Structures are given as structure tokens and as C-alpha cells.
Amino acid sequence: MKNNTIIGLLLGTVAGVLDVIPMLLQGLTWDANLSAFFLWVVSGFMLATSNLKLHTVLKGIVIPFICLLPSVFIIGWSEPLSLIPIGMMTLILGALLGFTYGKLSK
């Protein structure tokens with residue numbers, strides 16, 4: 001269990017870095033960058049510790065979307081079109097996070 005948690009945290013950190021790189025290139029604010037980074041760290045942790053009975057790829061998609069949900073209202077209220085790339089990145093990175101975690105945690 002401890003090793004799986006470390007794997008989840010490390011993979012979440014990698015996903016966070018991958019998500020923040022394009023945000024830095026766009027010149028987005030640090031609060032947005034930090035929020036996105038820690039969404040992935042928390043998602044990696046939740047993936048590793050969750051008892052959801054789902055395939056790891058699906059679990060890797062569901063958990064980040066659940067973590068993102070409160071921010072969706074704040075982001076969507078002022079910039080609804082920005083939810084499209086955010087959703088796409090969450091879907092892609094979430095699937096990759098779940099897939100990679102499933103391979104490394106066995």
C-alpha cells in the first residue's frame with residue numbers, strides 16, 4: 001500500500017508538470033499553475049488510495065474530474081470556453097495517469 005501511494009504521488013507530480021508546462025508558456029497566473037499542479041498530485045494520491053471498483057484507466061479519468069469539479073464553476077463563470085482545453089487535458093492526462101499507475105502498481 002505504501003509503495004502504491006508513493007507511485008501515485010510521483011505519477012501525479014509528473015502529470016502536474018506536464019499540465020503546467022503549456023500553462024507557463026501561455027503566461028497564466030501562478031495561482032492557476034499551482035492549482036493545476038496540485039490537482040494532479042492529489043489525483044495521483046486518490047488514485048492510489050481509492051477503493052473504487054473501476055479499471056485503472058477509467059479511475060484515472062474519474063478522480064481528476066471529481067477533483068476539478070469545484071474549480072469548473074469558478075473557471076466557467078468567467079471563461080467558459082477555457083473549460084474545453086481543461087477538459088481535454090484532464091481526460092488525456094487522467095487516462096495516462098490511470099494506465100501508468102495500473103502498470104506500475106502491480
Side-chain angles (χ1 to χ4, degrees):
M1 176 70 161
K2 183 177 179 183
N3 287 340
N4 286 349
T5 303
I6 292 169
I7 291 169
L9 286 169
L10 289 174
L11 291 175
T13 299
V14 170
V17 169
L18 291 175
D19 194 22
V20 169
I21 289 171
M23 295 173 68
L24 290 172
L25 296 174
Q26 293 174 42
L28 296 178
T29 59
W30 278 102
D31 59 333
N33 295 333
L34 289 171
S35 176
F37 176 77
F38 283 106
L39 174 132
W40 289 107
V41 173
V42 170
S43 294
F45 175 78
M46 297 296 292
L47 179 65
T49 59
S50 170
N51 290 328
L52 287 174
K53 303 294 186 217
L54 297 172
H55 188 276
T56 55
V57 173
L58 186 55
K59 202 161 127 173
I61 294 169
V62 168
I63 289 173
F65 272 105
I66 290 170
C67 291
L68 178 65
L69 189 59
S71 299
V72 164
F73 295 101
I74 296 168
I75 297 165
W77 193 266
S78 59
E79 297 182 44
L81 289 179
S82 68
L83 293 176
I84 295 169
I86 291 169
M88 295 297 290
M89 197 65 141
T90 304
L91 178 68
I92 293 165
L93 284 177
L96 288 172
L97 177 65
F99 176 79
T100 308
Y101 176 78
K103 292 294 182 189
L104 295 177
S105 65
K106 294 190 179 203

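Computed from a predicted structure; not experimentally measured. Any value given below was found using the heavy atoms of this structure, including those in side chains, with hydrogens, waters and symmetry copies removed.
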Point to revise | For Leu10, side-chain contact (heavy atoms from CB on, under 4.5 Å) partners two or more places apart | key: Ile6
Review point. Which residues pass the side-chain contact (heavy atoms from CB on, under 4.5 Å) test with Ile21, sequence neighbours left out?
Key: Val17, Leu25
Review point. Do Thr5 and Phe45 come within less than 4.5 Å of each other through their side chains, counting heavy atoms only?
Key: yes
Review point. Which other residues belong to the hydrophobic cluster containing Trp77, where Ile, Leu, Val, Met, Phe, Trp and Tyr are joined when side-chain heavy atoms lie under 4.5 Å apart, directly or via other members?
Key: none
Review point. Are Leu24 and Trp30 side-chain neighbours, meaning at least one heavy-atom pair lies under 4.5 Å?
Key: yes
Check your understanding: What heavy-atom pair brings Ala36 and Met23 nearest, and what distance separates the two atoms?
Key -> CB-SD, 3.6 Å
**Study point:** pair Leu52-Ile63: side-chain heavy atoms closer than 4.5 Å
**Key:** yes
Review point. Judged by atom type as modelled, is there a donor-acceptor pair below 3.5 Å linking the side chain of Thr56 to the main-chain atoms of Gly98?
Key: yes
Review point. How close do Met89 and Pro22 get, heavy atom to heavy atom, and via which atoms?
Key: CE-CG, 3.9 Å
Check your understanding: What pair of heavy atoms forms the shortest contact from Ala15 to Leu93, and how long is it?
Key -> O-CD1, 3.6 Å
Practice item. Please assess Tyr101 against Asn4 for the test side chain to side chain contact (heavy atoms under 4.5 Å, CB included), listing each intermediate value before the final yes or no. Key: CA-CA 8 Å; Tyr101 176 78; Asn4 286 349; 3.2 Å; yes
Review point. Which value, rounded to the nearest 0.5 Å, describes the distance between Leu11 atom CG and Thr100 atom OG1?
Key: 6.0 Å
Review point. Are Ser71 and Ile75 side-chain neighbours, meaning at least one heavy-atom pair lies under 4.5 Å?
Key: yes
Point to revise | Heavy-atom pair of closest approach, residues Gly94 and Trp40 | key: N-CH2, 3.4 Å
Review point. Minimum heavy-atom separation for Gly8 to Ala48, with atom names?
Key: CA-CB, 4.1 Å
**Study point:** Over all atoms of both residues, closest heavy-atom pair of Val20 and Asn33
**Key:** CG2-O, 3.4 Å
